[in-house]
Engineer: 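Below: one structure in structure tokens.
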Amino acid sequence: MVSKPLLFFVLLLTMALVVCQTGSLVTAEEEGSETSSSARKPLVKIVKGKKLCNKGWECKGWSAYCCNHTISDFFDTYQFEELFSKRNSPVAHAVGFWDYRSFITAAAEYQPLGFGTTGEKLQGMKEVAAFLGHVGSKTSCGYGVATGGPLAWGLCYNKEMSPDKLYCDDYYKLTYPCTPGVSYHGRGALPVYWNYNYGQTGEALKMDLLSHPEYLENNATLAFQAAIWRWMTPPKKHLPSAHDVFVGKWKPTKNDTASKRTPGFGATINVLYGDQICNSGFDNDEMNNIISHYLYYLDLIGVGREEAGPHEFLSCADQEPFTSSSAPPSSGSSS
């Protein structure tokens, strides 16, 4: 028979071992948590007095913009699903094509340049909503009595369904020659039209889109990259990009002010579409559809449409166009 003092000693020893093991486990968990937390922090260096950051796959390359919130900090899969809730409905035309991973992978290429990373978190959220507002309006198959409402059907398409021409412009036969038998109809998140636009976009993305424009309807990441490149790139020299006019990097000249061109969402419509939409009054259905998508997405993303500002900054109804469709085509031309 074991004596009581010995039993008591064994019990104390067992308790001590449990406490030590538990303590070491807690410490390990805490260390793991700290390691996980530190992994999310950006790498930082100072170059000529300027703070530059690198956040790995999503924002790499030592940029001041990478020191700010990145898109995945405020825009996640569930929000993408809410914005484009009907895109995989049986009646949609690009079922299974578009997804959050494709968007965030494409966006990672442009976050070091300021896409969604310019300014504070609120500014980044508004820019993502603005860009996707354009995308949603251009890829929607929604209509007035559609299930979920007309604004829930963005990313229904990834290409023009019944093109009536090849969109081949021989004016560019030396620089962007059309591939025989290939159609350059609309494809992508901000649909690309015409051989010259496929050529310029392909050069930027290092893809042969002149020979293979179908890449934009076969690869969702590439389709989003093409759209974000267009958002970030001025349509012509001496003009701002849609990104510039939205985030406040563009300063209007006296001529811009006289032409009623002011920074804001309305100016993004002007940069992207010029006289195809702008300076045609407040009853332009295409313009109002783009604005409606933007406001709807602001609500769903958690910003609220009240942050969009006065209607005159949302619209380009009385803005003189940055570009004319009668001028030689450029990367900003869509049709």
Side-chain angles (χ1 to χ4, degrees), residues 53 55 58-59 61 63-77 79-80 82-84 98 100 102-139 151 154-155 188-190 223-235 239-252 261-273 287 290-311 313-316 322 332:
C53 298
K55 284 190 176 179
E58 190 180 9
C59 201
S63 165
Y65 295 113
C66 296
C67 301
N68 301 331
H69 287 281
T70 47
I71 292 175
S72 67
D73 291 334
F74 55 76
F75 185 62
D76 210 338
T77 306
Q79 292 162 301
F80 184 91
E82 287 181 349
L83 264 60
F84 305 108
W98 304 103
Y100 174 80
S102 299
F103 168 72
I104 202 67
T105 302
E109 296 294 320
Y110 296 92
Q111 292 190 62
L113 303 177
F115 177 66
T117 53
T118 298
E120 300 296 326
K121 177 181 175 181
L122 177 62
Q123 178 66 56
M125 296 175 76
K126 289 172 68 175
E127 182 176 13
V128 169
F131 168 76
L132 291 177
H134 280 278
V135 168
S137 69
K138 291 298 180 180
T139 58
L151 303 178
L155 296 181
L190 286 179
F224 273 127
Q225 283 179 336
I228 300 173
W229 173 79
R230 183 176 172 191
W231 176 264
M232 299 293 292
T233 305
L239 290 182
S241 66
H243 166 78
D244 292 337
V245 300
F246 187 80
V247 302
K249 290 181 66 178
W250 170 65
K251 303 300 180 185
R261 293 191 289 258
T262 56
F265 186 75
T268 69
I269 304 174
N270 197 337
V271 170
L272 295 175
Y273 303 108
M287 178 189 73
I290 297 171
I291 295 171
S292 294
H293 276 82
Y294 172 48
L295 297 178
Y296 178 67
Y297 291 171
L298 280 177
D299 287 339
L300 291 184
I301 206 173
V303 173
R305 64 183 59 208
E306 63 274 7
E307 291 288 342
H311 189 73
F313 295 110
L314 288 171
S315 162
C316 65
F322 279 112

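In this text, all values refer to a predicted model and were calculated from it rather than measured experimentally.
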Engineer: Regarding Thr70 and Gln111, do their side chains bring together a donor and an acceptor under 3.5 Å, going by distance alone?
Structural biologist: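 Side chains of Thr70 and Gln111: no pair found under 3.5 Å.
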Engineer: For a quick test of reading the model, state the closest non-hydrogen atom pair linking Phe313 to Pro263 and the distance between them.
Structural biologist: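 Closest approach of Phe313 to Pro263, heavy atoms only: CD2-O, 3.6 Å.
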Engineer: Carefully, step by step, assess Tyr110 and Tyr65 under the rule ring pair (Phe, Tyr, Trp, His ring centres under 6.0 Å).
Structural biologist: CA-CA 10 Å; Tyr110 296 92; Tyr65 295 113; over 10 Å; no
Engineer: Does the pair Cys66/Cys59 show an SG-SG distance of less than 2.5 angstrom?
Structural biologist: yes
Engineer: Identify which one of Phe265, Tyr294, Phe246 satisfies the ring pair (Phe, Tyr, Trp, His ring centres under 6.0 Å) criterion when paired with His134.
Structural biologist: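 Output: one option passes, namely Phe265.
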Engineer: Closest heavy-atom contact between Lys138 and Tyr273?
Structural biologist: CE-OH, 3.1 Å
Engineer: Check whether any side-chain heavy atom of Ile228 lies under 4.5 Å from a side-chain heavy atom of Glu109, and answer yes or no.
Structural biologist: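 A side-chain contact under 4.5 Å is absent here.
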Engineer: Please give me the minimum heavy-atom distance between Ser315 and Ile291, naming the atom from each residue.
Structural biologist: CA-CD1, 3.9 Å
Engineer: With the side chain counted from C-beta on, respond yes when Ser241 and Pro234 share a heavy-atom pair under 4.5 Å apart, and no when they do not.
Structural biologist: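 Of all side-chain heavy-atom pairs linking Pro234 with Ser241, at least one is under 4.5 Å.
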Engineer: Say you draw a straight line from OG1 of Thr118 to CD of Glu127; how long is it, rounded to the nearest 0.5 Å?
Structural biologist: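 Reported value, rounded in 0.5 Å steps: 6.0 Å.
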Engineer: How long is the straight-line distance from NE2 of His243 back to OG1 of Thr233, given to the nearest 0.5 Å?
Structural biologist: 10.5 Å
Engineer: Run the side-chain contact (heavy atoms from CB on, under 4.5 Å) check on Phe75 and Ile104 step by step: do they pass?
Structural biologist: CA-CA 9 Å; Phe75 185 62; Ile104 202 67; 5.7 Å; no
Engineer: What distance separates Phe74 CZ from Met125 CE, expressed to the nearest 0.5 Å?
Structural biologist: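 Here the rounded value is 7.0 Å.
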Engineer: Determine whether Val135 and Tyr297 make a side-chain contact, defined as any pair of heavy atoms from C-beta on separated by less than 4.5 Å.
Structural biologist: no
Engineer: Mind listing the closest non-hydrogen atom pair of Phe80 and Leu155 along with its distance?
Structural biologist: CZ-CD1, 3.7 Å
Engineer: Measure the shortest side-chain to side-chain distance between Leu239 and Val271 over non-hydrogen atoms and say whether it is less than 4.5 angstrom.
Structural biologist: no
Engineer: Search all heavy atoms of Ala308 against all heavy atoms of Leu314 and return the closest pair with its distance.
Structural biologist: CB-CD2, 3.8 Å
Engineer: Could you measure the distance from the SG atom of Cys316 to the CE atom of Met287? Nearest 0.5 Å is fine.
Structural biologist: 6.0 Å
Engineer: Measure the SG-NZ distance between Cys67 and Lys55 for me, rounded to the nearest 0.5 Å.
Structural biologist: 8.0 Å
Engineer: Could you tell me whether Glu306 atom CD has more than 12 heavy atoms of other residues or ligands within 6.0 Å of it?
Structural biologist: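 Check passes, neighbour count above 12.
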Engineer: Calculate, to the nearest 0.5 Å, the distance between atoms CD1 and CG belonging to Ile290 and Leu272 respectively.
Structural biologist: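 Interatomic distance, Ile290 CD1 to Leu272 CG, rounded to 0.5 Å: 8.0 Å.
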Engineer: Among Phe103, Trp231, Trp229, find the residue that satisfies the ring pair (Phe, Tyr, Trp, His ring centres under 6.0 Å) test when tested with Phe224.
Structural biologist: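 Among the candidates, only Phe103 passes.
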Engineer: Would Asp73 and Lys121 count as a side-chain contact (heavy atoms from CB on, under 4.5 Å) here? Give the steps.
Structural biologist: CA-CA 9 Å; Asp73 291 334; Lys121 177 181 175 181; over 6 Å; no
Engineer: So do Glu120 and Asn68 actually touch side chain to side chain, heavy atoms under 4.5 Å?
Structural biologist: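 In short, these two side chains do not touch, never coming nearer than 4.5 Å.
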Engineer: Between the side chain of Gln79 and the main-chain N/O of Asp76, is any donor-acceptor distance below 3.5 Å?
Structural biologist: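 Yes; judged by distance alone, with no hydrogens or angles, the pair exists.
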Engineer: Closest heavy-atom contact between Leu151 and Ser292?
Structural biologist: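 Leu151 and Ser292 have their closest heavy atoms at CD1-O, 3.7 Å.
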